[in-house]
Number of protein chains: 2
Amino acid sequence: MTSPLDAAGRSLEDYPRPSVAVDTAVLTVEDGQLCVLLVRAADADDATAWRLPGTFLHPGEMLSDAVARSLRDKAGVTGLRPQQLRVFDDPQRDDRGWVLSVAHLDVVRADRIPTTARIRLAPAADVPELPFDHRDIIDVAVEALQKRYEASPDPFELMEPAEPDGSFTLRELRLTHESVAGRRLPPDTFRRSMRAELVETGRLSHGRRGKPAELYRRRTD
Amino acid sequence: MTSPLDAAGRSLEDYPRPSVAVDTAVLTVEDGQLCVLLVRAADADDATAWRLPGTFLHPGEMLSDAVARSLRDKAGVTGLRPQQLRVFDDPQRDDRGWVLSVAHLDVVRADRIPTTARIRLAPAADVPELPFDHRDIIDVAVEALQKRYEASPDPFELMEPAEPDGSFTLRELRLTHESVAGRRLPPDTFRRSMRAELVETGRLSHGRRGKPAELYRRRTD
DNA sequence: CTAATAGTGTCTATTAGACACTATCAC
DNA sequence: GTGATAGTGTCTAATAGACACTATTAG
C-alpha cells in the first residue's frame, strides 16, 4: 500500500488512529418475549462479564463481515444480515483506550442459537447491568427492529414455520409481531395491514382448535 | 493511559487500526433550491478537487466535534448541529489507505456560508462528479433532511426571518419546505399539518400584496 | 376596480381501531 | 351441542388532498 502525503506533508500513518469495534445486539424471540443475546467475556470480572458480542475490525474488513465473524466466533451463530445502527464515540466509553464502536442490529431465530455456558438470552425489556454503552445499543436496536416490523411481515424471518414449505397462518405471523412489539395487536387490523404483502397458498392449516386458517407466503417481488 | 491485555494477551496497540474520517453534507437553500456545500481540496487534481468537507478524527475527539472543526476550518461555518448518518466502510473507498468515513448531515442558512474561491454550492439534485462515495453521502443526507422537514416546521432554521423578532408567515415557512422537498406543497394542507407546532403572535405581516398573513413562532416546548 | 395572497369550509378517499357478526373446526 | 379460532362487514375518528369560497390587501 502506498502512503501518499497529504496537504500537511504527512501520510495517514503519521496520525493517531482509534481502534474500531463492532458491537451487535442480536435480538430473538423466545417464549413470546423479545430477547437479546449476551456472551460471557473471559477477560472480565463477574460484574461485567456479560456483554454484547463484539470484535475489533480487521484490516480490509467490512463492518458487516466483522459482525458476522464476531457472531460466529463468540456465539456460534451464522447466516445473518447485520444492519448498522450508529457509531458510539464517547472517548471515555472504553477504559482500555480510544475505541469507537459501530453498533449493529441482527436478528436470528432462537432455535439457531447454541446453548452453552458462555451464551445467554436476556429479555430486552429487562437487561442486566452491562459494561460500556451496551444498554444504549440494545435500546436503539429494539426501536429499529420494531420499526421494521411495523412496515412488513416478519422481515427477519423470526417466525418458526409450522408448515414444512414455509407457509404460515396470520395468527402465527401476528404472534411473532406481538412478541417484537411487546404488546397485543388487534387481529382484524393486523390482517388487513399485512395482507397486501402476502400471497395466499390456497391451502388451509388444520389440526388446531377452531376454524382452519388460510396459509400465506411472503410476496416474492 | 494504561494498555491492559486482552484475551489473546495483546493490548489494543498491537492491532492495526483504520483511519477514521468524518465527511459532512452541509445542505442549504439558495434561490429556492436545495444545495450542498463543496470545498476545493488543495492536494488533488482538478477532476476531483471539489468534495465534501471532511477531516480525520483527532484523539479524544467526538465525531460531532470533528465535524464542527472541519466545517470551521474548511468552510468558515460555525454553530451547527451535525447529525450522524452512517459509516461508509468499503476498504477500497480511499486509495490512500484504510479509511472509514462517518457521514454526517448538517444544515446552515446560505447567508452564513462565506463566499471564497475554495467554496461552492452545488444543487443537491445535480451534483458534479465527486471523489470517494461523496455522492452517496449526499443522497442519504437529502433523504434524512426531507424526512425531518415532513415532521416539523423548519427544524434546522433554514428560513431567513423577514421579521426582526424571528416570527414568520406560513407562506415563508412553506416556501422553505418546498425548497427542501423539491416540489410544491398544497398551502391548505401544509397549514393544517404545521399549525399544531406553531403559536400565533397575534401580529400580522404587512407591506406585501394580498391579505396580510398572521405571524407565527415555533412552539417552545 | 383587479390581481394576488391568506385563510376556512367541506367533500372525498384512505386508514386504524373497535366491535359485532358469521364460519368452521376440535372436543 | 360448546368453546375457540378465522375471517368479514361496518361504524367511527383522524387525516391528506382537492377544491371552492370568502377576506383583505396593493396598486
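Ring pair B:His177/B:Phe190 is perpendicular by interplanar angle, where above 60° counts as perpendicular and below 30° as parallel.
Here D:dT24 presents its P atom at 12 Å from CD of B:Glu214, a figure rounded to the nearest Å. When the C1' atom of C:dA6 is taken as reference, atom CZ of B:Arg171 falls 10 Å away, rounded to whole Å. Between A:Glu150 atom CD and C:dA16 atom P the separation is 11 Å, expressed in whole Å. C:dT5 atom P lies 17 Å from atom NE2 of B:His206, rounded to whole Å. Atom CG in A:Leu173 sits roughly 12 Å away from atom P in D:dG7 (whole-Å rounding). Here C:dC25 presents its C1' atom at 11 Å from CG of A:Leu204, a figure rounded to the nearest Å. The CZ-P distance, from A:Arg183 to C:dA16, rounds to 12 Å in whole Å.
A salt bridge (Lys or Arg N to Asp or Glu O under 4.0 Å) with B:Asp154 is found for one member of B:Arg218, B:Arg174, B:Arg148 and no other, namely B:Arg218.
For C:dG9, its base sits under 3.5 Å from the side chain of B:Arg192 at one donor and acceptor pair at least.
Using a 4.0 Å cut-off between a side-chain N of Lys or Arg and a carboxylate O of Asp or Glu, A:Glu214 and A:Arg191 do not qualify as a salt bridge.
Comparing A:Arg209 and A:Arg191 against DNA chain D, the residue whose closest nucleotide sits nearer the 5' end is A:Arg209. Sequence order on DNA chain C of the closest nucleotides to A:Thr189 and B:Leu215 puts B:Leu215 first from the 5' end. Toward the 5' end of DNA chain C, the nearer of the two residues B:Arg174 and A:Asp188, judged by each one's closest nucleotide, is B:Arg174.
A donor-acceptor contact shorter than 3.5 Å links the side chain of A:His104 to the backbone of A:Val102.
Within 6.0 Å of CD in A:Glu143 there are 12 or fewer heavy atoms belonging to other residues, nucleotides or ligands.
Overall bending of the helix from C:dC1-D:dG27 to C:dC27-D:dG1, expressed as the angle between end axes built from five pairs apiece, is 0° (10° steps).
Between the side chains of B:Thr28 and B:Arg109, no donor-acceptor pair is found at a separation under 3.5 Å.
Distances from the side chain of A:Pro212 to the nucleotides D:dA16, D:dG7, C:dT24 place C:dT24 closest. Listed candidates were D:dA16, D:dT8, C:dG17. Nearest to the side chain of A:Pro186 is C:dG17. Minimum atom distance to the side chain of B:Lys211 is reached by D:dT24, of the listed C:dC25, D:dT24, D:dA6.
Applying the 4.0 Å criterion to OP1 and OP2 of D:dT8, one finds that A:Arg195 has a side-chain N or O inside that range.
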Pair B:Asp23-B:Ser101, side-chain hydrogen bond (donor to acceptor under 3.5 Å, both in side chains): steps then yes or no: CA-CA 6 Å; B:Asp23 286 307; B:Ser101 170; 2.8 Å; yes
